[in-house]
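Being a predicted model, the structure only gives us computed values, none of them experimental.
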Amino acid sequence: SKLSFSLILFVSTHAFGQDWGVEDANLAACLDQAAAENNWHKATDFTELKCHNQGIRSTKGLQTFNRLERLSLYRNEIAEIDITALKNLLHLNIAKNNLTTLHINNQPTLEELFVFVNPMKPITLENLPQLTLVKANACRLESLAYSNLPTLAKLYLVDSQLEFIDIYKLPAAKYMDVRQNPMPDD
């Protein structure tokens, strides 16, 4: 009689068997896909990440991806994000989420911030010396606190609840769109 052997191979859902250390399974799946497409094996290999419309709710654990220069989490379900550990970040897109809390201060390289269509009421932008563009339209913003934004040239704040913005503390401002806010005309 012949013996026949069967080999069953179980494949992990994580590329290269990686556990990325993130809390959200949808974010882990997106990391897997990016790793497979770019032949990345560890968190520090990632320089960009694009996870659009993936149902991501949490970014906890993403701080170990500290070489990221471009992060785009457009149209997910994120309510809070802390990118303070991502010191190489140039571009951040977290538009169309459920964002109410944004920890973004003291980012030495951040140039572009896209946070439009989020239910944030306050936003604070501090110590972002390279920031040139902010798009925060339709965010229900009631307050905007900022300091040390020496290169901010374009600011889009259409359709919010802002009543006041001190334009004199934005030395590089060339364009600001604040239509559909309850600011007085005087």
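To the nearest 0.5 Å, the span separating CD1 on Ile56 from SG on Cys30 amounts to 5.5 Å. For the atom pair CG of Leu102 and CD of Glu80, the computed distance is 9.5 Å after rounding to the nearest 0.5 Å. One distance of note links CG of Leu31 with CD of Gln33; it measures 10.5 Å at 0.5 Å rounding. Here the CG-CG distance, from Leu110 to Leu90, works out to 7.5 Å after rounding to the nearest 0.5 Å. To the nearest 0.5 angstrom, Gln63 atom CD is 12.0 Å from Ile83 atom CD1. Separating the CG atom in Leu149 from the NZ atom in Lys169 is a distance of 11.0 Å, to the nearest 0.5 Å.
A pairwise comparison of heavy atoms in Thr44 and Arg67 identifies O-NH1, 2.8 Å as the closest pair. Here the closest heavy-atom approach between residue Asn88 and residue Asn66 is recorded as ND2-O, 3.0 Å. The nearest pair of heavy atoms linking Leu27 to Leu49 is CD1-CD2, 4.2 Å. Smallest separation of non-hydrogen atoms from Cys139 and Val117: SG-N, 3.8 Å. Nearest heavy-atom pair, Ala35 versus Phe46, reported as atom, atom and distance to 0.1 Å: CB-CZ, 3.9 Å. When all heavy atoms of Pro129 and Gln107 are compared, the pair lying nearest together is CD-O, 3.6 Å.
A search for side-chain contact (heavy atoms from CB on, under 4.5 Å) contacts involving Val178 returns Leu157, Ile165, Met176, Asn181, Met183, not counting sequence neighbours. With sequence neighbours excluded, the residues satisfying side-chain hydrogen bond (donor to acceptor under 3.5 Å, both in side chains) with Asp45 are Lys42.
A cation-pi arrangement is found for Lys135 relative to Tyr156, the charged atom lying closer than 6.0 Å to the ring centre and inside a 45° cone about the ring normal.
Checked by atom type and distance alone, the side chain of Asn97 pairs as donor or acceptor with a backbone atom of Ala95 at under 3.5 Å. The main-chain N or O of Ile104 is never found under 3.5 Å from a side-chain atom of Thr84 such that the two would form a donor-acceptor pair. Checking side-chain atoms of Gln54 against main-chain N and O of Asn76 turns up no donor-acceptor pair under 3.5 Å. With Ser160 contributing its side chain and Leu162 its backbone, the two residues share no donor-acceptor pair below 3.5 Å.
Between His91 and Phe114, the ring planes lie tilted relative to each other; the angle falls in the 30° to 60° range. Using the six-membered ring where Trp is involved, Phe65 and Trp20 have ring planes that are tilted, between 30° and 60° apart.
The cluster map of Ile, Leu, Val, Met, Phe, Trp and Tyr, joined by side-chain heavy atoms under 4.5 Å apart, puts Ile167 and Leu128 in the same cluster. Each of Phe164 and Val134 belongs to its own hydrophobic cluster when Ile, Leu, Val, Met, Phe, Trp and Tyr are linked at side-chain heavy-atom distances under 4.5 angstrom. In the hydrophobic clustering of this structure, Leu113 groups with Leu170; members are Ile, Leu, Val, Met, Phe, Trp, Tyr whose side-chain heavy atoms approach within less than 4.5 Å, directly or through other members. No path of Ile, Leu, Val, Met, Phe, Trp and Tyr side chains, each step under 4.5 Å between heavy atoms, connects Leu141 with Phe116, placing them in separate hydrophobic clusters. Under a hydrophobic-cluster definition in which Ile, Leu, Val, Met, Phe, Trp and Tyr are linked whenever side-chain heavy atoms come within less than 4.5 Å, directly or via other members, Tyr168 and Leu125 are assigned to the same cluster.
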Next item on the list: Just do the side chain to side chain donor-acceptor pair (under 3.5 Å) check on Asn39 and His41 with the steps written out, would you?
Entry: CA-CA 6 Å; Asn39 198 29; His41 299 279; 3.1 Å; yes

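The environment of NZ in Lys87 is crowded: more than 12 heavy-atom neighbours from other residues, nucleotides or ligands sit within 6.0 Å.
Between Leu155 and Leu144 the shortest side-chain heavy-atom distance falls below 4.5 Å. With a 4.5 Å cut-off on side-chain heavy atoms, Thr59 and Asp24 do not count as touching.
Applying the side-chain hydrogen bond (donor to acceptor under 3.5 Å, both in side chains) definition to pairs two or more places apart or across chains, those involving residues 123-134 are Asn106-Asn127, Asn127-Asn148.
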